[in-house]
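Structure, as structure tokens:
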Amino acid sequence: MAKENGNETAASIDRRTVLKLAAGAGLAGAGALNLARPARAADTTLAIWTGFPECQPFYQAVADAYTKLHPEVKITVFSTTLREMEQKLSAAVPTGTGPDIYDIGTNITVNFIESGLIDANSADIDKYLRGGGWNKFVVDFFTINGKSYGLPIWEGSKASMFYNKTMFKEAGIAEPPATMPELVAAAQKLVKFDASGKMTRSGISLRLSGQGSGIAEKFRYILTGAGADTIVQAPSGKYHNGYDNDGGRAAVQWVVDAVQKHKIDDPKVQHDAAAFAAGNTAMLFREAWVIGEIQEKNPKLDYGVAPIPKWTASSPHKMLLQPWGVYVNGKSGNKPAAWEFVKFLTNPENSLRLTTMTGWVSERQDVDWKPLLEKIPQFGVFVSPPKDMTYYVEPILSPWDEIESKLADKLVAAYVDPSLNGNPANLAAAVKAMAAETDKLLKEAGLYGAS
């Protein structure tokens, strides 16, 4: 997922099984939440759930503004970690006890849509979606078989490279690295060790550990740069692994070398946004929400944001997009009122408020970013990427989350496996085993095809 609050807190669950739960079933804890129930039109209470605690103040601010205009509507907001949210939604929505409104990624919505738990957008909402507020790429992402579902709210990725300007100056590095070889060279100058050889500051904080699909998602930044991908679509329309090849082996080798050969990162040191904000790493590949984290934890930090380096100077710029959606529960008793609020939530004014308050970049293309950029120029690469940037997205397939989660487990082990250090044959065998499991999951879902 795009953001796991530093760490993903639970392993993925079999959502296809959960969606078959009988009425009244659910995961422990879901029933204790403030759940939405049908209410009179003159006294409507809407419940919103989010897996992003930093977005709760934004939702509450928009809710307060909305209830001033519509005092007959009351709105409650519940937040928890992303993985817990996925579990709670997967348990509650099928039983009709979930919230009226929730934000979530396609790894969940693909199953909800297939199970009839998210309605296709009405003509009014579809017209709003296609009215020019969002570009065609985003609109198409929210369209399946000619029908649209939900509305875009923020961009869950557009990951870029955060770099510590003070550390760069001290190391005599004038500009952020533009290629992966330049990144390694810079990181070797930036990493620090104590007298015993223990790493005290990483040159770059990579996603080396954790739980769930986020590890494999972050690996894709390197994998796609190397010219491969987790899965690719065959001419038949089916899918197969896209990394049991030179590009896949080179990408895994790059991370193995970063840890074991070049020693620019170590699983034992602090990682992710917390490490960057604290000054314990010099570089980090992450999304725009880190800007908000820095503002909160270390507002005096002197840092910049640049595109993730290209694999080589002649390689194309590539960026993962993860359009994140907000949806009305198909079993809500307050659908008309919920949709009116969602339209208000996603208007240009509140879209600017979203990015200003949370760091997540709105998906809308008609937001005036000038006031924000004057105050926080680091948002520049997120709201206005290089013109030669090419984009890729997550496939909307029911086994995708499981594919990434299983791959993640193997990547974590590979990064620190000493038998893969300087041994191309062993590394190739490890990549082949990962790829075989990816293909196996595609076959089980009836989606595999090599040609």
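These values consider heavy atoms only, across backbone and side chains, with no hydrogens, waters or symmetry-generated copies.
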Looking at every heavy atom in both [X] and [Y], which two are closest together, and how far apart are they?
{"X": "Pro309", "Y": "Leu183", "answer": "CG-CD1, 3.7 Å"}
{"X": "Asn421", "Y": "Lys261", "answer": "OD1-CB, 4.2 Å"}
{"X": "Gly279", "Y": "Met167", "answer": "O-CE, 3.2 Å"}
{"X": "Ala171", "Y": "Leu190", "answer": "CB-CD2, 3.8 Å"}
{"X": "Ala228", "Y": "Gly242", "answer": "CB-O, 3.3 Å"}
{"X": "Val139", "Y": "Leu129", "answer": "CG2-O, 3.6 Å"}

State the [atom1]-[atom2] distance between [X] and [Y], to the nearest 0.5 angstrom.
{"X": "Ile308", "Y": "Lys318", "atom1": "CD1", "atom2": "NZ", "result": "12.5 Å"}
{"X": "Leu352", "Y": "Asp366", "atom1": "CG", "atom2": "CG", "result": "11.0 Å"}
{"X": "Ile108", "Y": "Met85", "atom1": "CD1", "atom2": "CE", "result": "10.5 Å"}
{"X": "Thr109", "Y": "Asp103", "atom1": "OG1", "atom2": "CG", "result": "11.5 Å"}
{"X": "Ile215", "Y": "Leu208", "atom1": "CD1", "atom2": "CG", "result": "9.0 Å"}
{"X": "Gln322", "Y": "Asn107", "atom1": "CD", "atom2": "CG", "result": "8.5 Å"}

Is it true that a side-chain atom of [X] and a backbone atom of [Y] form a donor plus acceptor pair closer than 3.5 Å?
{"X": "Asn164", "Y": "Tyr303", "result": "no"}
{"X": "Thr50", "Y": "Ile48", "result": "no"}
{"X": "Ser79", "Y": "Gly51", "result": "no"}
{"X": "His262", "Y": "Gln260", "result": "no"}
{"X": "Ser148", "Y": "Asn121", "result": "no"}
{"X": "Lys147", "Y": "Ala120", "result": "no"}
{"X": "Thr355", "Y": "Trp360", "result": "yes"}
{"X": "Ser115", "Y": "Leu117", "result": "no"}
{"X": "Thr179", "Y": "Glu182", "result": "yes"}
{"X": "Thr356", "Y": "Arg353", "result": "no"}

Aromatic plane relationship, [Y] with [X] - under 30° parallel, 30 to 60° tilted, over 60° perpendicular:
{"X": "Phe285", "Y": "Tyr221", "value": "perpendicular"}
{"X": "Phe382", "Y": "Phe162", "value": "tilted"}
{"X": "Phe168", "Y": "Tyr163", "value": "tilted"}

Can you confirm whether the side chains of [X] and [Y] place a donor and an acceptor under 3.5 Å from each other?
{"X": "Thr224", "Y": "Tyr392", "value": "yes"}
{"X": "Asn241", "Y": "Thr438", "value": "no"}
{"X": "Thr200", "Y": "Asp194", "value": "no"}

Is the shortest heavy-atom distance from the side chain of [X] to the side chain of [Y] under 4.5 Å?
{"X": "Arg286", "Y": "Asp272", "value": "yes"}
{"X": "Phe276", "Y": "Leu301", "value": "yes"}
{"X": "Tyr415", "Y": "Pro267", "value": "no"}
{"X": "Trp400", "Y": "Glu394", "value": "yes"}

Whether [Y] and [X] form a salt bridge (side-chain N of Lys/Arg under 4.0 Å from carboxylate O of Asp/Glu) is what I want to check.
{"X": "Lys136", "Y": "Asp140", "result": "yes"}
{"X": "Glu86", "Y": "Arg83", "result": "yes"}
{"X": "Lys218", "Y": "Glu404", "result": "no"}
{"X": "Asp244", "Y": "Arg249", "result": "yes"}
{"X": "Lys410", "Y": "Glu437", "result": "yes"}
{"X": "Asp126", "Y": "Arg130", "result": "yes"}

Using side chain to side chain donor-acceptor pair (under 3.5 Å), reason through Thr281 and Ser205 one step at a time and then give a plain yes or no. CA-CA 6 Å; Thr281 189; Ser205 181; 4.8 Å; no
Asp417: what forms a salt bridge (Lys or Arg N to Asp or Glu O under 4.0 Å) with it, not counting sequence neighbours? none
Between Phe52 and Trp324, is the ring pair (Phe, Tyr, Trp, His ring centres under 6.0 Å) condition met? List the steps. CA-CA 12 Å; Phe52 298 80; Trp324 206 258; 5.4 Å; yes
Could you please spell out the steps behind the ring pair (Phe, Tyr, Trp, His ring centres under 6.0 Å) verdict for Trp134 and Phe142? CA-CA 11 Å; Trp134 294 276; Phe142 281 79; 8.4 Å; no
